[in-house]
There are 2 protein chains.
Amino acid sequence: MSKATIKDVARVAGVSLKTVSRVINNEPTVKEATRKKVRAVIDDLKYQPDMSARNLRGNKSYAIGLVYDNPNPYYVVDVQEGVLKACREMGYSLQIHPCDAAHDGIVQELCDLVNNSRLAGLVIAPPVSENEAITNALAEHGIHFVRIISASEPPKGKAPCVYVNDRAAARSVAEHLIDHGHTRIAFLSGEEEHLSTPERRAGFKEALKAHGISVDDSLVLPGAYSFDSGFERATKLMERSDRPSAIFGCNDEIAAGALAAVKTSGLTVPGDVAIAGFENSPFSQHSRPPLTTAAQSIGEIARQAMMLLIAEMRPQALAEGEVQTTTAEFVPELIERPSTA
Amino acid sequence: MSKATIKDVARVAGVSLKTVSRVINNEPTVKEATRKKVRAVIDDLKYQPDMSARNLRGNKSYAIGLVYDNPNPYYVVDVQEGVLKACREMGYSLQIHPCDAAHDGIVQELCDLVNNSRLAGLVIAPPVSENEAITNALAEHGIHFVRIISASEPPKGKAPCVYVNDRAAARSVAEHLIDHGHTRIAFLSGEEEHLSTPERRAGFKEALKAHGISVDDSLVLPGAYSFDSGFERATKLMERSDRPSAIFGCNDEIAAGALAAVKTSGLTVPGDVAIAGFENSPFSQHSRPPLTTAAQSIGEIARQAMMLLIAEMRPQALAEGEVQTTTAEFVPELIERPSTA
């Protein structure tokens, strides 16, 4: 059997070529009944639009680039799957572009990426998305993009953006520790160029202040989003005579490292020291005891980001009312587990 | 400053357009001195070949698809980075295609992927790569691909292939346990459709036999490549009066789950039960105690696979002698850690 063409689809469905094309491109100017009929014929005939030919004919690109600089494979794969889910729904392919956010030539690199691979637009994850020098330059080059960032209120600027309210969620985690009687709580930060670090730390401090607990700066420690960094800092904390009764890791890897350090010091969790993390990664689920954390739906955040990008690039592709704004907020939710019980 | 063109590069380097083109396409018919000079000018002028235009002019594609069905983010990200490294060296972009290996329409899905996105070829990871019905069908459709598989000898067939000798490595892990005096060793399998499972199990059994230890089939348990599956199986093993003195998990997640189960049962590791895993993932490094395992260089395996694919698709792109065969073998190496000490 030879491959079905768009003409076959139009003939069998009894509609014009243009109507089939509109259905394929998800344009909203097609009646729902017609759309369903054409979709059914497309499935029946196993017709597949040739994306490449579509690109040439329409002078439009249907490839998206995903830009990230994150050492956490769980985060990376969840973001990829969320973006890819929306890509598949909307007929886009996905190119990945891990990069070095601190590289001098990053703006040129991303412009070249878009031009050389003829990308329709970029989905940009933290921390690249949180560097305004980079995103402003991309906007000046006329590149379509959507950002995923950490923020406690809608960001300024016209570019579409999904913001994760880490601050509110970190406040909940800290309040949970305070509710369990802790007043000496250490906070182990991640890298500062990830806005999630200052945002989560701000939420932590806000919770302390709201409960009349003064912040002991000697318990708020800089570091990196890694198991080893959590282990090292917690080991030193456990050697102190005024050691904290609780540790809040800026992510689950830090918290898992802190857990290992506390246990290695001969202390118990949560008996001697309560520990909480952030992100609900497998690190928090598989630790013994499992870690209290805050869950962020990375996949859904990424999918939503891709839909905002499409709304920006090709508003006619979305049904009316499907995406009404250029920003969307997500608030991670506290998950209580035995590490703080 | 307007963007440099290929003509600018040719003029500044004092060579023909054709020579610049050959350098860009990594063709070996250029003298090394000329190649260096042209590369320097390309860097100086920040010239970037337009991949899209290149695709149209040469009727060649410079996009690769990476196909996988693996729930382990560490594996997925390492494979992506390895393939991407070779892609960047050789001027290709990378599209990702996670899929369901068991899906009925997988062959059609992959053919459509290649045709619709005009991919030059596919890098296929386990278990899709290990399903001959799929790969034979792809070969019949004339699709270029390279496979990454688990095997103890070079695979038959013409398609390029990187094979990981899991059997030899599993033999080393088992012998390490035997050397430490263990004769009752449980083996916790992963999914059977991953050839790594039967291969690693075969290596385990070979080691027992070589040391005159009979295999107790009640200790060789089916299951899945997951923490939970390791936890469940080890929990049951610990309840047996004839419990094993050692557990070999088919990967580190299984082993980490087994470790949690043994500790939950009130037993110690390695005092009461020694535990070994496989893959040297962070699960093995971050467990307490850290787990003995076998290290596979997934990134290098994936990079090598991409180079074999290029050698197959475009032999002129590689310098002579750079890739001499269509297969390459990798043998994971034993890493001894406290969980078996």
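All values derive from a computational prediction rather than experimental measurement. Residue numbers start from 1 in every chain, and the chains themselves are labelled A, B, ... in the order their sequence lines are given, proteins ahead of strands. Note that these values count all heavy atoms, side chains included, but never hydrogens, waters or copies made by symmetry.
Between chain A and the residues B/Lys263, B/Gln108, B/His97, the most heavy-atom pairs under 4.5 angstrom are made by B/His97. When B/Arg88, B/Gln285, B/Glu81 are compared by the number of non-hydrogen pairs under 4.5 Å with chain A, B/Arg88 comes out ahead.
Looking at A/Ser287, there are no atoms closer than 4.5 Å to chain B (heavy atoms on both sides), in backbone or side chain. The contact between A/Leu84 and chain B is made entirely by side chain atoms (from C-beta outward), counting heavy-atom distances below 4.5 Å. At a 4.5 Å heavy-atom cutoff, A/Tyr75 makes no contact with chain B through either its backbone or its side chain.
Scanning both residues, B/Ser93 and A/Gln95, for their nearest heavy atoms gives OG-NE2, 3.2 Å.
For the side chain to side chain contact (heavy atoms under 4.5 Å, CB included) test with B/Ile96, the passing option among A/Leu66, A/Ile96, A/Val83 is A/Ile96; the others fail.
Counting non-hydrogen atoms of other residues, nucleotides and ligands closer than 6.0 Å to CG of B/Asp104 gives a total of 12 or fewer.
Residues A/His286 and B/Phe283 have side chains in contact (heavy-atom distance under 4.5 Å, counting atoms from C-beta outward).
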Dump the intermediate steps for side chain to side chain contact (heavy atoms under 4.5 Å, CB included) on B/Gln80 and A/Gln80, then the final yes or no.
-> CA-CA 12 Å; B/Gln80 288 176 350; A/Gln80 288 176 349; 2.8 Å; yes
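Note that OH of A/Tyr62 is 13.5 Å distant from CG of B/Asn116, once rounded to the nearest 0.5 Å.
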